[in-house]
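All ligand and atom numbering here is 1-based and tracks the order in the structure. No hydrogens, no waters, no symmetry mates; every other heavy atom, side chains included, goes into these values. Bear in mind that the values here come from a model prediction, so they are computed numbers and not experimental data.
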Amino acid sequence: MVNQRTVLIFGASGDLSSRLLLPGLGSLLAGPRATSVRIIGTGRSTLAADEWTARVRTAFGQDLSPAAAETLATTQYVAGDPTDPAHLRALLELAGPAPVLYFSLPPAVTTAIVETLQGIDLPAGTELAFEKPFGTDAASAAELNKLVGTLVPEENVHRVDHFLGRTAVLNLIGLRFANRLFEPVWNAEHIESVEIVYDETLGLEGRAQYYDNAGALVDMIQSHLLLVLALLAMDAPATMDAVEVRSEMARALRSTHLYGSPLEASRRARYAGYAGEAGVDPSRETETLAELTVEVDTNRWAGVPITLRSGKALGVARKEIVVKFKPLRHLPSGLHGGRDGETLRIGLNPGELSLSVPALGVDGPYTMGQVFLDATLPTSPVLPYGEVLNGILRGDPLLSVRGDVAERCWEIVEPVLDAWRTGEVPLEEYDAGSNGPTRWDNGAVAVTA
Ligand code: NDP
C-alpha cells in the first residue's frame with residue numbers, strides 16, 4: 001500500500017460532502033495527477049461502515065481507477081461530537097502525520113472546533129480547509145483568521161471557493177497573460193464595461209434554510225464573483241506560484257470599491273412567490289437576484305464599470321463574463337452603420353468563448369455589422385472541487401482564498417449589505433422564469449459616478 005495522506009472530513013454526512021466534495025475527489029483520483037488518499041469521515045450521525053463506503057463508492061462513479069480503488073479500500077467513518085476535545089484527539093491520532101482537516105460544517109460549528117483545537121497540538125504539516133462562507137462579515141472573518149493563524153501557518157490554510165477550480169475561470173489567466181491580442185488592450189483605455197453574470201434558472205433546490213440566511217449577494221457575489229473579478233482585473237503575476245498570484249489578486253481587490261453610492265451601484269429583487277416557499281422567513285426580505293457595480297481603482301481600470309450579477313429562478317441560465325471594448329474613436333468617412341466595438345464573452349459553465357468583431361455587414365459594401373468568432377474551450381475531466389482538492393493535498397494554496405482576501409471580499413460588499421438592511425435600496429420583484437424586474441432591462445446598472 002502506498003503512503004496515503006489522510007483527509008479528515010468533518011460534516012461527512014452532509015450535503016456538500018456527498019454532492020460535491022467526494023465526487024470532486026473521485027474525478028481527481030480518476031486522472032493521472034493524484035495518488036490515493038485515506039478518507040476518514042466524521043460527524044455526529046451514526047453511519048455503518050458499509051453505508052459510508054457505499055456513499056464514497058457512489059460519489060466515485062462506476063469505473064474505479066487504481067487510486068480511487070485504493071482510497072475506497074481504506075476509507076472509514078468515525079461517529080462523534082466534533083467539538084469534544086477527546087474525540088478530536090482520537091481522530092488526530094487515527095489520522096497520523098500531516099493530515100488535511102476539511103471542515104464541511106455549518107460555519108458556527110467550524111468556529112467552535114477551531115476554538116477547541118487551540119488546546120490541542122496539531123501534527124506538523126497539518127492543512128486546514130474551510131468551506132465558505134468564511135465568517136459572516138469582515139470583523140468575524142478577521143477574528144476567525146486570527147484563531148486559525150494560531151494553529152497553522154497561512155500557507156497551510158485553504159479557504160475553499162470552488163469557482164477558482166473551474167476550468168473557465170482558470171482559463172482567464174492564459175487568455176489574458178499569454179495572449180498578444182488581449183493583453184495590450186486589457187485596460188480602461190480600450191474597455192468600456194465588464195459584466196460578470198451567474199444567472200440560474202434553478203430555485204432553492206431544498207436549501208432554503210441556508211439560502212434564506214445568505215441571499216444572492218452573499219451566496220454568489222461576495223465570494224465567487226469577486227474572485228472571478230480578481231483574476232480578470234489583476235496584473236500579471238511574476239510566476240504562477242501561490243505567493244505571486246494571490247498577491248496580485250489581493251492587490252486588485254484592495255483597489256475595488258462600489259461605483260457610486262449603494263443606491264447608485266446596487267439593485268436587489270426577489271421572485272414573486274419566494275416568501276411563501278417552505279423554509280423561508282418572509283420578514284427577512286432575502287433577495288434572490290443581486291446586482292452590484294464596482295470599480296477597480298487602478299491605472300489599468302479606473303473609470304470602467306464592472307457589474308456583478310447573480311440570481312435564481314430566472315428565465316435564462318446566463319453564466320458568463322462579458323468584456324465590452326470601446327469603439328474606435330474614428331471611422332473612415334464612407335463607412336456606415338454600427339459603431340459598436342468588440343465584445344468578448346467568456347462562458348463560465350462550461351467554457352464557451354465568443355468574440356464579436358466589427359466587420360462589413362450584410363447591408364451592402366461599406367456598411368458595418370458584427371461577426372462572431374465562436375469557440376468551445378477544452379474542459380477538464382477534473383471537477384472544480386477536485387482541482388481545489390489537488391492543491392490542498394499537495395499543500396499548495398494557489399487555488400485557495402488568502403486570509404486578507406476573505407476579509408476584503410466582505411469589506412467590499414458591506415456598505416451594500418448595510419444599505420439593504422436599512423431599506424435604502426428597495427427590494428424589487430420579478431416573475432420566476434423572467435429576466436428580472438422589467439425595469440432593469442437585463443442590462444448593467446446605470447451608473448453616474
Ligand atoms: P449541512 O447543513 O448538510 O451540514 C453538514 C454536516 O454538519 C451535517 O450533516 C451534520 O452532520 C453536521 N452538523 C450540522 N449541524 C451541526 C451541529 N450543530 N454540530 C455539529 N455538527 C453539525 O451543510 P452542507 O453539507 O450543505 O455544507 C457544509 C458547508 O459547506 C457549509 O459551510 C456550507 O456553507 C458550505 N457549502 C455548501 C454547499 C452546498 O451545496 N451544500 C455549497 C458551498 C458551500 P452530523 O449530524 O452527522 O454531525
Side-chain angles (χ1 to χ4, degrees), residues 7-25 39-49 51-52 55-56 59 76-88 91 100-117 128-137 140-141 144 148 157-166 169 198 200 202-228 279 286 310 312 349 383-389 392 399-401 406 409-410:
V7 182
L8 200 47
I9 302 178
F10 292 93
S13 62
D15 176 71
L16 182 93
S17 165
S18 27
R19 212 164 49 79
L20 293 168
L21 199 50
L22 292 171
L25 181 61
I39 310 169
I40 302 176
T42 183
R44 297 164 309 170
S45 309
T46 314
L47 287 183
E51 198 181 340
W52 169 250
R55 281 192 194 195
V56 180
Q76 67 189 109
Y77 180 87
V78 183
D81 173 1
T83 57
D84 170 12
H87 177 60
L88 283 174
L91 283 173
V100 174
L101 273 50
Y102 199 111
F103 298 100
S104 179
L105 291 161
V109 187
T110 299
T111 305
I113 299 178
V114 169
E115 280 164 358
T116 309
L117 287 174
L128 302 180
F130 296 95
E131 266 303 326
K132 79 172 189 101
F134 191 81
T136 50
D137 54 20
S140 59
L144 187 52
V148 169
V157 181
H158 304 268
R159 297 168 195 82
V160 172
D161 191 303
H162 71 282
F163 265 52
L164 291 178
R166 282 173 180 254
V169 173
Y198 201 87
E200 297 179 274
L202 297 170
L204 288 177
E205 295 178 279
R207 295 190 69 223
Q209 208 191 353
Y210 158 77
Y211 191 84
D212 197 43
N213 268 303
L217 179 61
V218 166
D219 183 43
M220 290 301 302
I221 295 178
Q222 184 274 336
S223 45
H224 303 314
L225 299 194
L226 279 176
L227 293 171
V228 175
T286 302
S310 182
K312 285 195 180 291
N349 195 27
L383 296 169
Y385 261 94
E387 204 58 65
V388 172
L389 277 167
I392 298 172
L399 300 185
S400 300
V401 180
C409 287
W410 282 114

key: atom 27 (O) of ligand 1: any protein heavy atom closer than 4.0 Å   = yes
request  = Pick whichever of Thr110, Asp15, Asp219, Asp81 has a heavy atom sitting closest to atom 3 (O) of ligand 1.
outcome  = Asp15
query = With only distance considered, is Gly14 within less than 3.5 Å of ligand 1 through an N or O on each side?
reply = yes
query = If we only count N/O pairs under 3.5 Å, is Ser13 in contact with ligand 1?
reply = yes
remark   = the protein heavy atom lying closest to atom 44 (C) of ligand 1 turns out to be Glu131 OE1, 3.2 Å
Ligand-side contact atoms (ligand 1) for residue partner Pro106, heavy atom cut-off under 4.0 Å = 4 (O), 7 (O), 13 (N), 14 (C), 15 (N)
request  = Give the atoms of ligand 1, by number and element, whose distance to some non-hydrogen atom of Arg19 is under 4.0 Å.
outcome  = 39 (C), 40 (O), 41 (N)
ask   = Looking at atom 1 (P) of ligand 1, is any protein heavy atom nearer than 4.0 Å to it?
value = no
query = If you measure from CD1 on Ile40 to CG on Leu8, what distance do you get to the nearest 0.5 Å?
reply = 5.5 Å
message = Suppose we measure from atom 29 (C) of ligand 1 to each protein heavy atom; which comes out shortest, and what is that distance?
response = Leu105 O, 3.5 Å
request  = Look at the side chain of Ser17 and the backbone N and O of Ala12, then say whether any donor-acceptor pair between them is shorter than 3.5 Å.
outcome  = yes
Top protein contact for atom 47 (O) of ligand 1, by heavy-atom distance = Ser45 OG, 2.5 Å
request  = Among all protein heavy atoms, pick out the one at the shortest distance from atom 5 (C) of ligand 1; state its residue, atom name and that distance to 0.1 Å.
outcome  = Ser104 O, 3.5 Å
remark   = Looking only at heavy atoms, the pair that brings Leu22 and Ala59 closest together is CB-CB, 3.4 Å
message = Suppose I only count heavy atoms of Pro133 and a 4.0 Å limit; which atoms of ligand 1 are within that range?
response = 34 (O)
remark   = Separation between NE2 (His87) and CD1 (Ile113), nearest 0.5 Å, reads 8.5 Å
ask   = Would you say the side-chain atoms of Glu131 and Tyr102 include a donor-acceptor pair closer than 3.5 Å?
value = yes
request  = Considering heavy atoms of the protein only, find what lies nearest to atom 6 (C) of ligand 1 and give residue, atom and distance to 0.1 Å.
outcome  = Gly11 CA, 3.6 Å
task = Please check if the distance between the ring centroids of Tyr198 and Phe163 is under 6.0 Å.
result = yes
message = I'd like to check which ligand 1 atoms, numbered from 1 as shown, lie under 4.0 Å from a non-hydrogen atom of Gly43.
response = 47 (O), 48 (O)
Trace of the side chain to side chain contact (heavy atoms under 4.5 Å, CB included) decision for Leu383 with His162 = CA-CA 9 Å; Leu383 296 169; His162 71 282; over 6 Å; no
Residue portion contacting ligand 1 (non-hydrogen atoms closer than 4.0 Å) for Leu16 = both
key: Option passing side-chain contact (heavy atoms from CB on, under 4.5 Å) with Val160 (candidates Phe134, Phe130, Tyr385)   = Tyr385
ask   = Thr286 side chain to Asp212 main-chain N or O, any donor-acceptor pair under 3.5 Å?
value = yes
key: Minimum-distance pair of heavy atoms, taken over all atoms of Arg44 and Pro82   = CG-CD, 3.9 Å
Enumerate, atom names and distances included, each donor-acceptor pair closer than 3.5 Å involving a side-chain atom of residues 214-228, sequence neighbours excluded.
| residue | atom | partner | partner atom | Å |
| --- | --- | --- | --- | --- |
| Asp219 | OD1 | Lys132 | NZ | 3.3 |
| Asp219 | OD1 | Tyr210 | OH | 2.7 |
| Ser223 | OG | Asp219 | O | 3.4 |
| His224 | ND1 | Asp161 | OD1 | 2.7 |
| His224 | ND1 | Asp161 | OD2 | 3.0 |

query = Counting both backbone and side chain atoms, is some N or O of Arg44 under 3.5 Å from an N or O of ligand 1?
reply = yes
note = So for Arg207 against ligand 1, with non-hydrogen atoms under 4.0 Å, the contacting part is side chain
remark   = Note: ligand 1 atoms sitting under 4.0 Å from heavy atoms of Lys132 are 32 (O), 33 (C), 34 (O), 35 (C), 36 (N), 44 (C)
